[in-house]
Amino acid sequence: MARIEIQKKQDMTYENPKLILAHSALREGSIMWKSPSNLAIVKYWGKHGQQLPKNPSLSLTLDTSFTQTKLHYAPRKVAGQDISLSLLFEGQPHEGFAQRVKQFFRKILPIFPFLKQLDLTVETQNSFPHSSGIASSASAMSALALCCCSMEDEFFGTLDEDEVFDRKASYVARLGSGSACRSIYPYWALWGETGEVPGSSNLYAVPMAEAVHPVFHTLHDDILIIRSGTKQVSSSAGHSLMQNHPFAEVRYQQARKNLYELINALRTGDLEAFGKVAEKEALMLHSLMMSAPSPYILMAPHTITAIERVWAFRKETGHPVFFSLDAGPNLHVLYPETIIHEVRPFVDTQLAPLCEESIYLQDWAGEGPEQL
Ligand code: PMV
C-alpha cells in the first residue's frame with residue numbers, strides 16, 4: 001500500500017486535458033501576484049530529469065526582494081496551438097525574458113491547456129534595482145506560477161483549498177526555475193525528499209515555518225551588491241557542470257549532512273550552528289564552481305574582503321553575524337533582529353563601501369507571496 005502511494009507521488013504530473021474552456025466561458029480579466037525571492041541556506045546545486053534536485057535544499061523566504069506580475073488574459077483573436085504572449089518587463093518590451101516565459105508556458109501547457117485559448121499579456125517588475133545581480137528567477141517564476149493557478153481557480157474552481165493551491169503553485173514554479181518552488185511559502189521552505197521531513201518531495205517545496213524557532217522568523221539578510229550585472233556563467237550551466245563533477249557524490253552527501261544540522265539548528269534556535277552551516281554551504285557552492293570540469297569563479301575580490309570583515313566583527317564582538325552567498329559575488333549578511341542596532345553601523349561603515357555605488361539591500365524573513 002505504502003509503495004503504491006510513493007509510486008503515485010512520483011508519477012504526479014498535474015497534467016489535465018480536461019482544463020479546456022467552453023466557448024461561452026471565455027472572457028477577459030487579469031490576475032496580479034507579488035512573490036518574493038529566497039535565499040537557500042542549504043543549496044540546490046545539481047539536477048536531473050525534469051528539474052529534479054540531486055539533494056534537498058532549505059531556504060529563507062525574503063520580503064523586500066520580490067517580483068510583481070500582472071497576467072492579463074482575453075479570448076484569443078487568432079486561434080493557434082502555440083502560446084500567444086506579449087510581455088513588458090519594467091514597462092518595456094524585453095525579448096530575452098519574453099522568450100523564457102514563452103518556453104515556460106509551453107512547458108506547462110499540459111497542466112493548464114486553457115492557456116492556448118487566450119491572448120496573454122504579462123507585465124512584470126522587480127522591487128530590486130535592475131541588474132543588481134540579484135537572482136530574479138525564483139521570484140519571477142513563482143509569481144507566474146501563482147498567476148496561472150489563480151487563473152485555473154477562477155475559471156474552473158479547482159484550487160480553492162489553500163494547501164492544494166500552494167502545492168500546485170510550487171510544483172509549477174519548479175518547472176520554471178528549481179529554486180522558485182521554495183518561494184511559495186512564508187519564512188522557511190524545504191524542497192527535496194528527505195527522511196527528516198515527512199511529506200517532503202522532489203516535485204514541490206513544503207512549508208517549514210512551523211518547524212522553526214521564532215528567532216529565525218525575523219532573521220535579517222542585508223544583501224551587499226558587490227558587483228551588479230549578469231554573471232558570466234548561468235545557474236543552469238552550473239547545474240550541468242555537476243554532472244561530471246569529480247566531487248559530485250561527496251557534495252550530495254555533505255548537503256544531506258548539512259541539512260540535518262540546519263533543521264536541528266532552526267528547530268532549537270541555535271544561531272551558532274545555523275551560521276556554521278550557512279557559511280559552509282556558501283563556500284562549498286563556490287568551491288564546486290572552482291573545481292568543476294570547466295572551472296570558474298563568481299566571487300569578486302570585495303566578496304573575500306567582506307567575508308574577512310564579517311569574521312573579524314564576529315570575533316571582536318561575539319555577535320552572531322554570518323554570511324551566505326548565492327551563485328554570484330554578492331554577500332548576504334545574516335543576523336537576528338535583536339542585534340540590528342549593533343550590526344547596521346558595522347554594515348554601513350565597513351561593508352557598504354565594498355559595494356558598487358555603496359548599495360546594499362535590506363531584506364529579512366518574509367511572509368511569502370501575496371495576491372494583489
Ligand atoms: O533555481 P536555479 O536553477 O536558478 O538554481 C538556483 C541555485 C542556487 O541559487 C545557487 C541555490 C539555490 O538553492 O537557490
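All values reported here derive from a predicted model rather than from experimental measurement. Quick note: residue numbers are just sequence positions, from 1. For ligands, and for the atoms within them, numbers begin at 1 and follow the listed sequence. Both backbone and side-chain heavy atoms feed into the values below; hydrogens, waters and symmetry mates do not.
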[atom]: which protein heavy atom is closest, and how many Å away?
atom: atom 11 (C) of ligand 1; answer: Tyr44 O, 3.5 Å
atom: atom 5 (O) of ligand 1; answer: His239 NE2, 3.0 Å
atom: atom 14 (O) of ligand 1; answer: Arg182 NH2, 2.8 Å
atom: atom 1 (O) of ligand 1; answer: Ser179 OG, 2.7 Å

Distance filter under 4.0 Å to [X] heavy atoms, resulting ligand 1 atoms:
X: Asp326; result: 8 (C), 9 (O), 10 (C)
X: Ser137; result: 4 (O)
X: Gly178; result: 1 (O)
X: Ser235; result: 4 (O)
X: Ala40; result: 12 (C), 13 (O), 14 (O)
X: Ser177; result: 1 (O), 2 (P), 4 (O)
X: Trp45; result: 7 (C), 10 (C)

**Request:** Compute whether any side-chain donor of one residue and acceptor of the other, for Ser37 and Ser139, lie under 3.5 angstrom apart.
**Result:**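 On atom types as modelled, these side chains do not qualify, holding no pair under 3.5 Å.
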**Asked** Is there a donor-acceptor contact under 3.5 Å linking the side chains of Gln51 and Lys47?
**Response**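 Lys47 and Gln51 do have a side-chain donor-acceptor pair below 3.5 Å.
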**Asked** Can you list the steps and then say if Trp191 with Tyr44 is a ring pair (Phe, Tyr, Trp, His ring centres under 6.0 Å)?
**Response** CA-CA 9 Å; Trp191 168 39; Tyr44 146 59; 4.6 Å; yes
**Request:** Could you walk me through whether Lys280 and Glu261 pass salt bridge (charged side-chain N to carboxylate O under 4.0 Å, His left out), step by step?
**Result:** CA-CA 11 Å; Lys280 266 198 290 192; Glu261 286 172 17; 3.1 Å; yes
**Message:** Once you measure the plane-to-plane angle for His319 and Phe313, does it fall in the parallel (<30°), tilted (30-60°) or perpendicular (>60°) bin?
**Reply:**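 Aromatic pair His319/Phe313 classed tilted.
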**Message:** Angle between ring planes, Phe216 versus His213, binned at 30° and 60°: parallel, tilted or perpendicular?
**Reply:**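 It falls in the perpendicular class, over 60°.
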**Message:** Between Tyr73 and Phe114 (judged by ring centroids, cut-off 6.0 Å), do the two rings come close enough to count as a pair?
**Reply:**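 That pair fails the under 6.0 Å test.
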**Request:** Measure from the ring center of Tyr335 to the ring center of Phe322 and say whether it is less than 6.0 Å.
**Result:**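 Judged by ring-centre distance (under 6.0 Å), Tyr335 and Phe322 do not meet the cut-off.
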